[in-house]
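Reviewing the structure listed below.
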There are 2 protein chains.
Amino acid sequence: MSKRHISLKDLANELKVSISTVSRALKNHPDISPELTLKIQKLAADWNYTPNPLAMGLLRQQTKMIGVIVPDIVTHFYASIISGIEEVAKQHGYYIVIASSNESLQKEIESVENLLKSRVEGFIVCLSQETNKYDHFEKLNSNEIPLVFFDRICESLDVPSVVVDGVEATKKITRHFYENGCKRIAYISGPEHLNISKNRKVGYLEGLKECGLKFDPQFLVTCNLSTKDATRATRQLLTNKILPDAIFGLNDTIAFAAMKEIKNQGLKIPDDIALVGFTDEFHSTVVEPSLTSVTHPTFKMGQEAANLFFKCIRNGKGFSEKIELKADLIIRESTLK
Amino acid sequence: MSKRHISLKDLANELKVSISTVSRALKNHPDISPELTLKIQKLAADWNYTPNPLAMGLLRQQTKMIGVIVPDIVTHFYASIISGIEEVAKQHGYYIVIASSNESLQKEIESVENLLKSRVEGFIVCLSQETNKYDHFEKLNSNEIPLVFFDRICESLDVPSVVVDGVEATKKITRHFYENGCKRIAYISGPEHLNISKNRKVGYLEGLKECGLKFDPQFLVTCNLSTKDATRATRQLLTNKILPDAIFGLNDTIAFAAMKEIKNQGLKIPDDIALVGFTDEFHSTVVEPSLTSVTHPTFKMGQEAANLFFKCIRNGKGFSEKIELKADLIIRESTLK
DNA sequence: AAGGATTCCGCAAAGGTTTGCGTTGACAAT
DNA sequence: ATTGTCAACGCAAACCTTTGCGGAATCCTT
C-alpha cells in the first residue's frame, strides 16, 4: 500500500531541514529566507502536500464537523434544507454529519450521543414529532455546545432558531379560503406539543375570527405525520354531519393523503372541498388539481440555520437570535372554485 | 469555556496513575490488576469518557469518512440511496461526507479534490451527466484509494459498481406497451455517453425487435436531464408527422415533464399516449393518471454500494465486483388503455 | 578585536491514543 | 545470599501540525 498522503516530515527529510522550518515556509513566515521558502513551497506543490486535518483538529481541538439531526432525509423539504446548511458550512470549511431521527425521540437521543462521541462541534436540529422532553438538548446547552433549531423548535430552551411565520401563513390560507367562498374551513394538525402545530392553529383561529367565522371544534383534527394517520384524520372530517368545504393540512404529506381520500369518497376538488398544502413539495405542481400551497424557503432556512450556528460559535454562550422567515401562499387550482 | 471532553490524561491525573495504565485498563489488559482496572473503568464511566476519534485517526491513519458524490441531493432517488449508504456506513463506524456535483463535471472534479484533502478514505460516486472523462477517478485508482460507482458508472474503469439492469427493465417496458396495443413507442433518452442511457436504449431496441416492431429513429430523442430540456424533447416528439402512442423517459424528471407537455397539447394519457417513468419517485402515485414506472431499489442500491466499499477496503487493490440489481415494472393508470 | 544586533533555523511541547519495551518490587527457588 | 520469575505499572515513540523560545552563525558597530 503506497503512501497516500505526504506530511511535513516527508518534505523536511527530502530537503534536509527541520519540520518547523517547512511549516513556517509554507505560511511565509519572515524567519525563513526567501530562497528556502521558495524551494520548500515548490516541493510542497510538486508533491501535492495538504495539511492533515486530523493533526490540525487535534491541535486546535476542533473537528470542523456539525451534527445535523432531521426527522427524515428523503423528503425534499429536509433534503433542501440540508443543502442550504451544507453550502454555508462548506464556505466555513466545515462538514456536516447527517443523522435521521426517523421521527423517533429515542433515535434522536441516540443521535445526539453518537454525534457527541464523534466530537461534532455543535448541532443543527429539527425536532422529531415525538420529542416532548428536551434533556438531551439541555445537556448540550449547559455544556456550551452550540445548538440551533430549525422549523420544529423547543420553545422552552433559549437557543437560536429559524422558523417560518406559521401564524401569518395560516391566516393567509384561512382568508384565501374565505375569499373563495368557503365557510366551513377545516384544519388537519399535527402533534400538539410541536410549535408548528400550535402556531398554525393560532393563525387558523385568528384567521377565522378576522373573517367573522366562528370556530367549530369538529373541523379541527390532529394526526401524527404519517400518510396513514392523515388518511384517517381526513376520513374523520368527511364523516362529520356537516362536511367541511375547505381543508388545509399541516404539511404536504397530510395534504396529499387528504387529496387521495377526498377523491376516493367521490368528492371534487376544489368544487366540493378546497384544499391547501404546506411546504410546497415538487408534487404540488404535478398533481391534479395542482395544489395551492405555502412555499417554504427551505434552502434559505438551511443557510440561515448554518449562519446562526457560526454566529453561535463566535459569540459563545448566551447567544440566542431567533429568525422568522415569511412564507408565501402560491395559489393553484385546488382552491379556485 | 468549560472542558467539553475528558481524556485519558484527565483520568490518569485523577487516579495518580500513568496514561498507558488507564488505556490498558479500559481494554481489560491482563497487565493491569483487577482492582485498579475496576477503579479506572468506574471513573471513566462516571466522567463519561469517550476516546477522541481525532487522536485515533491520527494514530491509525484513518478518518473513518467516506466521500459520497451525487449529481444532486434533493431528489428522492439520491436521498434514498444516500440513506442506504449511511446505514451500512454507520454499522462499520464510518461517516459519510456528501458532495453534490450538480450534474457538473467541473464540480465533480473539485469535489474529489476537496474530499481528498479532508482525507476521506475512499469514494462512492454517481457520475454527473456531463462526465465524459475520468482522469480524476483514474488517479484515485492508481493511488489505491477505494472507489465504488453506482447507477451511472464508468465502464472503462475496472472498479466495483452497482447498477440496475436497464436492458431488462426497458425490454419489459417495451413489451408492456406492445401488449397494451402500442405500436409507435418513443424513448426520451439522456446524454449518450452515460451507461444508463446506452443500456436502456439497448433494451428498447431489443424489446422492439422481440415485439416485431421496427425501430423508427424519429421516436428516439435525447435531452439533458433538466425539466426544461425534457419538455423540449417531448415537444419534438409531439411535432412529428407521426405521433407516438407510447413514451417512456430515462427517469421520472423526464416522465413528468413529458406528462405536463402531453396534457398541455390536449392529448389524453393513456388513451392517446401511454407513458412510463423510471425510478418511481413518490410522485408517481399521486399524479393523475398515476404513472406506470420502473421501481429502483434505491435504498438497497445504497446499501450494496457501501458493502462493496468495505469489501474494497478489506480486499485491497484489484477488487472490482459488479452488482446488477433487478428493477420491477409497477403498472399504474398511465399505461392501461 | 570584542561586543551587540540581526538573520535564520531547530528543539520541544502540546493535543490524545496505542503499544513495545523497560523498570520496579515481591516472592520463590537454588 | 544470590539469582530467577512474574505481576503490575511507567516511559517514550509514533501519528502530524503549530509556535514560543533558544541557539548558532553572520554582520555591523565602535
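Bear in mind the structure is a predicted one, so any value in this text is a computation, not a measurement. Keep in mind that the numbers below use all heavy atoms, side chains included, and drop hydrogens, waters and symmetry copies. Per chain, numbering begins at 1; letters A, B, ... match sequence-line order.
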message: Reading DNA chain D from 5' onward, which residue's closest nucleotide shows up sooner: B:S18 or B:L59?
response: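 This one resolves to B:S18.
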field: Residue closer to the 5' end of DNA chain D, B:S33 versus B:R119 (nearest nucleotide)
entry: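 With B:R119 and B:S33 compared, the 5'-side residue is B:S33.
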- prompt: Does A:K39 NZ have over 12 foreign heavy atoms under 6.0 Å away?
  reply: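 Atom NZ in A:K39 is not crowded, with 12 or fewer foreign heavy atoms closer than 6.0 Å.
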What's the closest nucleotide to the [X] side chain, out of [options]?
| X | options | result |
| --- | --- | --- |
| B:L8 | C:dT18, D:dT18, D:dC16 | C:dT18 |
| B:T21 | D:dC15, D:dG10, D:dC16 | D:dG10 |
| A:V17 | D:dT17, C:dG10, C:dT18 | C:dG10 |
| B:R60 | C:dT17, C:dT19, D:dG10 | C:dT19 |
| A:R24 | C:dG15, C:dA12, D:dC21 | D:dC21 |
| B:Q61 | C:dG16, D:dC15, C:dT18 | D:dC15 |
| A:K27 | C:dC11, D:dT18, D:dT17 | D:dT18 |
| B:L36 | C:dT17, C:dC9, D:dC9 | D:dC9 |

- request: May I ask you to say what B:N52 touches in the nucleic acid, namely base, sugar-phosphate or nothing, with a heavy-atom cut-off under 4.0 Å?
  value: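 If one applies the 4.0 Å heavy-atom cut-off, B:N52 turns out to touch the sugar-phosphate alone, with no base involved.
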Using whole Å, what does the distance between atom [atom2] of nucleotide [N] and atom [atom1] of [X] come to?
| X | N | atom1 | atom2 | value |
| --- | --- | --- | --- | --- |
| B:L58 | C:dG15 | CG | C1' | 9 Å |
| A:L15 | C:dC9 | CG | P | 11 Å |
| B:I6 | C:dG15 | CD1 | C1' | 15 Å |
| A:K9 | D:dA14 | NZ | P | 6 Å |
| A:D10 | D:dA14 | CG | P | 14 Å |
| A:I40 | C:dC9 | CD1 | P | 8 Å |
| B:I32 | D:dC6 | CD1 | P | 19 Å |
| B:K64 | C:dT17 | NZ | C1' | 14 Å |

- prompt: Is the B:F123-B:F309 ring centre distance short of 6.0 angstrom?
  reply: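 Judged by ring-centre distance (under 6.0 Å), B:F123 and B:F309 do not meet the cut-off.
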message: For the aromatic rings, using the six-membered ring if either is Trp, is the centroid distance between B:F310 and B:Y94 under 6.0 Å?
response: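 For B:F310 and B:Y94, the ring centres are under 6.0 Å apart.
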- prompt: Do B:D31 and D:dC9 share a donor-acceptor pair, side chain to base, under 3.5 Å?
  reply: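 Under the 3.5 Å cut-off, the side chain and the base do form a donor-acceptor pair.
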query: Does A:Y49 put a side-chain nitrogen or oxygen below 4.0 Å from OP1 or OP2 of D:dT17?
result: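 Looking at the OP1 and OP2 atoms of D:dT17, one of them is under 4.0 Å from a side-chain N or O of A:Y49.
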- request: Respond yes when some side-chain nitrogen or oxygen of A:S20 is under 4.0 Å from OP1 or OP2 of C:dG10, and no when none is.
  value: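 Indeed not, no polar side-chain atom of A:S20 lies that close.
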query: Salt bridge check: are B:E321 and B:K311 linked by an N-O gap of less than 4.0 Å?
result: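 Answer for the salt bridge query: yes.
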field: Side-chain donor/acceptor of B:S104 to backbone N/O of B:Q106, under 3.5 Å
entry: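 Here the side-chain-to-backbone pair exists.
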- prompt: Only one of A:H136, A:R152, A:E108, A:E103 forms a side chain to side chain donor-acceptor pair (under 3.5 Å) with A:T131, so which one is it?
  reply: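 In the set A:H136, A:R152, A:E108, A:E103, the residue that makes a side chain to side chain donor-acceptor pair (under 3.5 Å) with A:T131 is A:E108.
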